[in-house]
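Report on one structure; see the data block that follows.
Residue numbers start from 1 in every chain, and the chains themselves are labelled A, B, ... in the order their sequence lines are given, proteins ahead of strands.
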Amino acid sequence: MEECLAKKMEITVSEAEKRTGRNAVNMQETYTAYLIETRVVESQNEGQCAPVDSLWRRYSEFELLRNYLSVTYPHIVVPPLPEKRADFVWHKLSADNMDPDFVERRRIGLENFLLRVASHPVLCQDKIFYSFLTQEGGWKEMVNETGFQLKADSRLKALNATFRVKNPDKRFTELKHYSDELQSVISHLLRVRARVADRLYGVYKVHGNYGRVFSEWSAIEKEMGDGLQSAGHHMDVYAASIDDILEEEEHYADQLKEYLFYAEALRAVCRKHELMQYDLEMAAQDLTSKKQQCEELATGTVRTFSLKGMTSKLFGQETPEQREAKIKVLEEQIQEGEEQLKSKNLEGRDFVKSAWADIERFKEQKNHDLKEALISYAVMQISMCKKGIQVWTNAKECFSKM
Amino acid sequence: AAGTPKPLPSSGPKSLREMPHPLATSSSEEMGPALTPSPDLLLPRSIADKDLSLPNGTPVDTSSPASSSSLLNRLQLDDDLDGETRDLFVTVDDPKKHVCTMETYITYRVTTKTTRAEFDLPEYSVRRRYQDFDWLRNKLEESQPTHLIPPLPEKFVVKGVVDRFSEEFVETRRKALDKFLKRITDHPVLSFNEHFNVFLTAKDLNAYKKQGMALLSKMGESVKYVTGGYKLRSRPLEFAAIGEYLDTFSLKLGTIDRIAQRIIKEQLEYLVELREYGPVYSTWGGLEVELSEPLEGVSACIGNCCTALEELSEDMTEDFLPVLREYILYSESMKNVLKKRDQVQAEYEAKLEAVALKKEDRPKVPTDVETCQDRVECFNADLKADMERWQNNKRQDFRQLLMGMADKNIQYYEKCLTAWESIIPLLQDKPETK
């Protein structure tokens, strides 16, 4: 198996830049462009550094890439993009797309996306992906030329299949259910976390008021003055510390968000299976009915009601020649249909096999990543507690000198 | 001349005949070497009394301004931190609810242990209710108008908002009442007050209360400090400084009270969100297989933090805020004493002026004016000594209060730290080991 692109090439999204330009309807617009830098990793020449290639891409191009990958590899759980608009924000964070903090976090998210794709055993080999990283001009045209949009399943078709499919693989049904629940629970978690962050911010900031009043009070005291004044300073430190703490927590929120969006990718694979299965069922059903028609024509018995049958009864029977012709057509169609059914069956089984393999890979990745995220969250909390103990211990010492 | 302990003089309603010499030594070491009574030293006087004379009948020398009560006050300042020199210990505990037909109320047990001669027994245990404490405070204010009387916790509580019989409220009040009595106990003049003695010892306080009222009306003498409507031109600098200090002090305390309340409010709102936050991890854990235990662990951890936060907020509400408020009340009552002092000075200055205007050639200042001068000087001395004592106690009280606040916050963070540290191994646990 060819090694993942991620091992052969260093990929970073190193900068973000505000740009203005004209959009499709010739209106002025502002957007952010991201600088993608790549460098081939030379394992032999240790001291030598390969040159860095770079090009600029905007978010919409990333979206195009992802759409292309989703359509082209429907059996793969395609990594999600970071959110288009800021969601789950707590009050201090800006919901503005142009806000520098949001842009920064998005830059990290886009880099993460590219690394995910580059380390996927199947996706990393895609030529369009490679060109995205290395070819600045003409990439959009190249993608469109693949004609992937035509391969995309319509939403309506997919919805229809979901409702009508009779025998989907149970594992996919369960997985879809799981991804629904996952999406729901992570959304809830992110919403509450944002509120928790808001409240915690309030608690810390109010302590800053102690700083000022202790300072004012110390002015009228003789022995107590110094102790009060210095304790007040520690209260200011305490109040200020929350900004960094919560900024760090945003990284945790981003990790959760990635898996929130991954749930959608999971669902997409399940939907594809349902679609294929439905297609298969329809084809099988069609084949069966054709076979039946053929039989009826051949034996002259009518078992199934058909309009043709009725009309022929009303307006007289067909001639044997006409019947023969019909049977022949049907036989041809049946043969075609059987071949198609065979290949569809094969396709379906292949899909299930390869999709399930990727799903297993995804599950392992998810468990690993989320565990790491929880550990880093716990570490953040520990750090926050230690800072709190430090500040209050310092304040206590100041009070003891009063 | 060491002798049996004698009650220290107080400016209470005792007649001078009953009072021993002011500096007669007690059996405790607090007075140091025996101080021989000297005729030059001023007798403390009941400021309400009109004639001032020594027990042996000789008139009192009014030249020296220091009242011995304040002298003692200042002497004791250095000694009272040593527990061994204490001869009076008072505790308030054991609240009990009494349900009667007319009303429901709480009584507290007041326990006294003492070696003082003013007490017939070495130990006492009585039950008192809030209105008894209130009565005591009023009596002290009346009988010791030149001294700073410690505050009581607030009398009135808004019914419906605060449950007067909840454990937290009763405990908070008990602590405040205990502090109130301890402050009086520590005061070298107030602790020898007769009403205080009765409060600590009488089985039937109500009878004494009624008796006291009757006596007063009989004697037709109000111990209350009533001076006419004299207006002071200007407060002496040192008292003006005290007044200004108290103004700023109570202002700052008020601000701190508001900040503390705001913090508690924010903490409780934070708690509400945390209580929703923790269980979501648990729900998620239910969805997962391998992540089930780690997620449950995080959920439990957040739950522990909630409990710790709840405890912190409770502690601040019950221990921190009441003491702040007590000191605000203390400042208010102290400002009133300053005003009374102003009144006394105003009266003296007015009378002095009246005499000067008469332009009579008198060899001596009339006794009326002398009395006033005495009053002013005694008041000033008592107040200054009490202020010094108050400042010292205040510093200790706030040192303890603020250190306590810091401690509670440290404990909160330590509890949270323990919780989070304990789940790290759980989170890092490899599935192969299972």
Side-chain angles (χ1 to χ4, degrees), chain A residues 178 181-182 185-186 188-189 192-193 195-200 202-207 209-210 212-214 216-217 219-224 227-228 231 363-364 366-367 370-372 374-375 377-382 384-389 391-402, chain B residues 244-245 248-249 251-253 255-256 258-260 262-263 265-267 269-274 276-277 280-281 283-284 287-291 294-295 297-298 301 305 391 394-396 398-403 405-410 412-414 416-421 423-424 427-428 431:
Chain A
Y178 167 78
E181 305 257 282
L182 186 71
V185 86
I186 297 184
H188 189 192
L189 194 65
V192 185
R193 193 212 68 90
R195 293 204 305 261
V196 167
D198 233 339
R199 291 300 177 194
L200 189 62
V203 172
Y204 271 73
K205 287 301 177 191
V206 179
H207 278 85
N209 293 327
Y210 274 147
R212 192 179 51 232
V213 76
F214 282 170
E216 290 167 1
W217 183 8
I220 59 168
E221 296 292 341
K222 297 185 194 96
E223 287 167 60
M224 276 167 56
L228 272 177
K363 276 189 191 166
E364 257 189 66
K366 175 204 77 172
N367 287 335
L370 288 174
K371 239 190 215 179
E372 290 295 313
L374 289 175
I375 291 171
Y377 184 67
V379 167
M380 275 182 233
Q381 300 306 306
I382 287 169
M384 181 171 85
C385 289
K386 284 188 175 162
K387 276 189 210 165
I389 291 171
V391 164
W392 282 104
T393 306
N394 291 342
K396 185 178 172 186
E397 209 183 300
C398 295
F399 291 139
S400 74
K401 297 198 180 120
M402 267 168 56
Chain B
E244 271 167 40
Y245 170 82
T248 312
F249 177 70
L251 209 73
K252 294 307 150 196
L253 284 193
T255 306
I256 293 173
R258 276 191 300 279
I259 295 171
R262 177 81 190 277
I263 289 174
K265 176 169 171 279
E266 296 282 341
Q267 278 172 344
E269 287 176 346
Y270 172 54
L271 187 62
V272 166
E273 302 299 347
L274 273 186
E276 193 184 325
Y277 185 51
V280 182
Y281 281 99
T283 307
W284 188 359
L287 279 182
E288 301 285 339
V289 174
E290 204 180 304
L291 293 175
L295 289 166
V298 171
C301 199
C305 293
Q391 282 284 13
K394 173 212 79 185
R395 186 177 61 83
Q396 282 175 49
F398 274 97
R399 182 176 176 274
Q400 190 181 43
L401 183 72
L402 292 168
M403 282 177 76
M405 169 174 95
D407 249 335
K408 292 188 181 93
N409 277 280
I410 291 168
Y412 160 72
Y413 277 113
E414 280 179 344
C416 292
L417 180 66
T418 307
W420 285 105
E421 281 183 334
I423 65 153
I424 293 277
L427 293 175
Q428 289 173 329

Heavy-atom cut-off 4.5 Å, strictly under: side chain, backbone, both or neither for [X] against chain A?
| X | answer |
| --- | --- |
| B/Q400 | neither |
| B/A260 | both |
| B/L274 | both |
| B/F398 | both |

Task: Residue B/E269 excluded, over 12 heavy atoms near CD under 6.0 Å - done: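 Buried by this count: over 12 neighbours within 6.0 Å.
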Smallest separation among heavy atoms of [X] and [Y], with atom names:
| X | Y | answer |
| --- | --- | --- |
| A/I389 | B/L417 | CD1-CD2, 4.0 Å |
| B/Y413 | A/M384 | CE2-O, 4.2 Å |
| B/E266 | A/G202 | OE1-CA, 3.8 Å |
| B/A406 | A/W392 | CA-CE3, 3.5 Å |
| A/I375 | B/Q428 | CD1-CG, 3.6 Å |
| B/R395 | A/M402 | NH1-O, 3.0 Å |

Open item on the list: What part of A/L182 gets within 4.5 angstrom of chain B, counting heavy atoms only: side chain, backbone, both, or neither?
Closed with: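 For A/L182, backbone and side chain are both near chain B.
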Task: Pairing residues for A/E181 by the salt bridge (charged side-chain N to carboxylate O under 4.0 Å, His left out) criterion, not counting sequence neighbours - done: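 A/E181: no salt bridge (charged side-chain N to carboxylate O under 4.0 Å, His left out) contacts found.
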Task: Test side-chain hydrogen bond (donor to acceptor under 3.5 Å, both in side chains) applied to A/Y178 - qualifying residues, sequence neighbours left out - done: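 For A/Y178, the residues satisfying side-chain hydrogen bond (donor to acceptor under 3.5 Å, both in side chains) (neighbours in sequence not counted) are A/K366, B/E288.
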- [ ] Verify the distance criterion only: is there a donor paired with an acceptor across the side chains of B/Y245 and A/E221 at less than 3.5 Å?
- [x]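 A/E221 and B/Y245 do have a side-chain donor-acceptor pair below 3.5 Å.
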Open item on the list: Looking at A/R193 and B/E276, is there a salt bridge between them, counting it only when a charged N and a carboxylate O are closer than 4.0 Å?
Closed with: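 Looking at A/R193 together with B/E276, the answer is no, because their closest N to O distance does not fall below 4.0 Å.
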Task: Contact leader toward chain A among B/Q391, B/K394, B/K265, where contacts are heavy-atom pairs under 4.5 Å - done: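 Highest number of heavy-atom pairs under 4.5 Å: B/K394.
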Task: A/Y210 and its side chain to side chain contact (heavy atoms under 4.5 Å, CB included) partner, picked from B/T255, B/I259, B/L402 - done: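 Answer to the side chain to side chain contact (heavy atoms under 4.5 Å, CB included) test with A/Y210 among B/T255, B/I259, B/L402: B/I259.
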Open item on the list: Could you go through A/W217 and B/L253, starting from their C-alpha distance and side-chain angles, then the distance that decides it, and tell me whether this counts as side chain to side chain contact (heavy atoms under 4.5 Å, CB included)?
Closed with: CA-CA 9 Å; A/W217 183 8; B/L253 284 193; 4.2 Å; yes
TODO: Could you check B/E290 against A/K371 for side chain to side chain contact (heavy atoms under 4.5 Å, CB included), going step by step and ending with a plain yes or no?
DONE: CA-CA 9 Å; B/E290 204 180 304; A/K371 239 190 215 179; 4.0 Å; yes
Task: Contact check, side chains of B/Y270 and A/Y204, non-hydrogen atoms, under 4.5 Å - done: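 When only atoms from C-beta onward are counted, A/Y204 and B/Y270 do not touch, as no gap falls below 4.5 Å.
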- [ ] Applying side chain to side chain contact (heavy atoms under 4.5 Å, CB included), run through B/C416 and A/Q381 and close with a yes or a no.
- [x] CA-CA 8 Å; B/C416 292; A/Q381 300 306 306; over 6 Å; no
